[in-house]
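Contents: one structure, followed by commentary.
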Amino acid sequence: MSASIDPQKLDRLAQVAVRTGVNLQKGQDLIITAPMIALPLVRRIVVHAYQAGAGLVMPFLTDDEITLARYENASDQSFDRAADWFFAGMGQAFQDGAARMAITGDDPMLLSEQDPAKVARVSKANSIAAKPAMTPIVGFEVNWNIVAYPGEAWAARVFPDLPVDEAQGKLMDAIYTASRIDGDDPVANWDAHSAELQKRVDWLNAQKFDALHYTGPGTDLQLGLAEGHIWKGGASPALNGVVCQPNIPTEEVFTCPHAYKVDGTVSATKPLAHQGNVITDIAVRFEAGKIVEATASQGQEQLRALLATDDGASRIGEVALVPHSSPISQSGVLFFNTLFDENASCHIALGQSYADTIEGGSTLSPEELQQKGGNQSLIHVDWMMGSDAVDIDGVSVTGERVPVMRAGEWAF
Ligand code: ZN
Ligand code: ZN
């Protein structure tokens, strides 16, 4: 581990991830997925998990070099393969009550030199195979959490002017501050932050808006909301009853858009790091919920491949509001990592919607969810379209308008 990473900070991050993030219960098993480079954080998480009374903690590690070895050496038919038996096992563990923790932190540009068609095939094969493991997460059936470790390649990307070692230390500090762990009592700070998010959630739920209308540079978007949509944010109970904080950091309140009622244009305000590539200056036009035009100044081919994954990939499944004054946005750091960048800005997500953002959603069939405006796709990719130049109105069923955000800040 880089000497510039403060081991105490790393330990506290692990503690908050276990206690506040996943809120691991006594006797509960924990499945961890992480890049190999995050091993120092994984080890601390394992310690805190067993101290919290974990049954069995099982980490699964991936390695960038091994990932590249496949692209560079495998036969063509390999790129449609995925380890379905592995994901089936993970799905079984969730059914048996296990919790889930994911660690992010690998190289955001890992696959930028690889054939986009192969990258898309691998991603699709993985998404299909991962369904048994992803459905319980998307449906919020189990408590889960995602946190970040400042990997070397990632740090070099975020702070390109610093020596790598220094960059890692600086990224650790940025993760620490963004994750709201820097105070005396991070657990109490998270409770307060969560209560603040809950106030916004309660107001938005009371409004029962029919749509949101966004205006800003390159953006004029009428975004219908799903029938019976529910706003969520901060800590909330998974269906297994455990109150957890899925994302650390989190600054968003979010709900389900109507996959067939989105019209107009929208321009991204930050680059999107997606599966080893960075896509910049995304601009799209929606018609009846579907993206009918899409451009990017860099990564256009990757964007096209992403949108072509399946029918739902060119529709949206999440809409999220984040004030421009959020600490991540104010840090001015562009993380090239969605976990952070999405929490610096209002965003929408291409693809799969969360069943629990529609009233009674977890008991509805996919067809019933779709009727209410939910979306189905193998992908869920958030991209950022908020800034201090974007205004948002809530539109009621009768067409009445209520300011929700002005110049990127809450207007209520
Ligand atoms: Zn989001
Ligand atoms: Zn999302």
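Both ligands and their constituent atoms are indexed starting at 1 by order of listing. None of the values given here were measured: they were computed from a predicted structure.
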N/O/S atom name from [X] that is nearest to the position of the Zn ion (ligand 1):
X    : result
E252 : OE1
E342 : OE1
H347 : NE2

Salt bridge present between K232 and D356 (N-O < 4.0 angstrom) = yes
Hey, do the aromatic rings of Y354 and H380 have their centres closer than 6.0 Å?
-> yes
Once rounded to 10°, what is the value of the angle centred on the Zn ion (ligand 2) between H380 NE2 and D382 OD1?
-> 110°
No-hydrogen, no-angle side-chain donor-acceptor test under 3.5 Å, Q15 and D11 = no
Got K131 and L378 here, is their nearest side-chain heavy-atom distance under 4.5 Å?
->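 Yes. Closest side-chain heavy atoms under 4.5 Å.
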Taking the Zn ion (ligand 2) as the reference point, name the nearest N/O/S atom of E318.
-> OE1
Acceptor/donor pairs from residues 85-97 side chains to any protein atom, 3.5 angstrom cut, sequence neighbours excluded:
residue: Q92; atom: NE2; partner: D96; partner atom: OD1; Å: 3.2

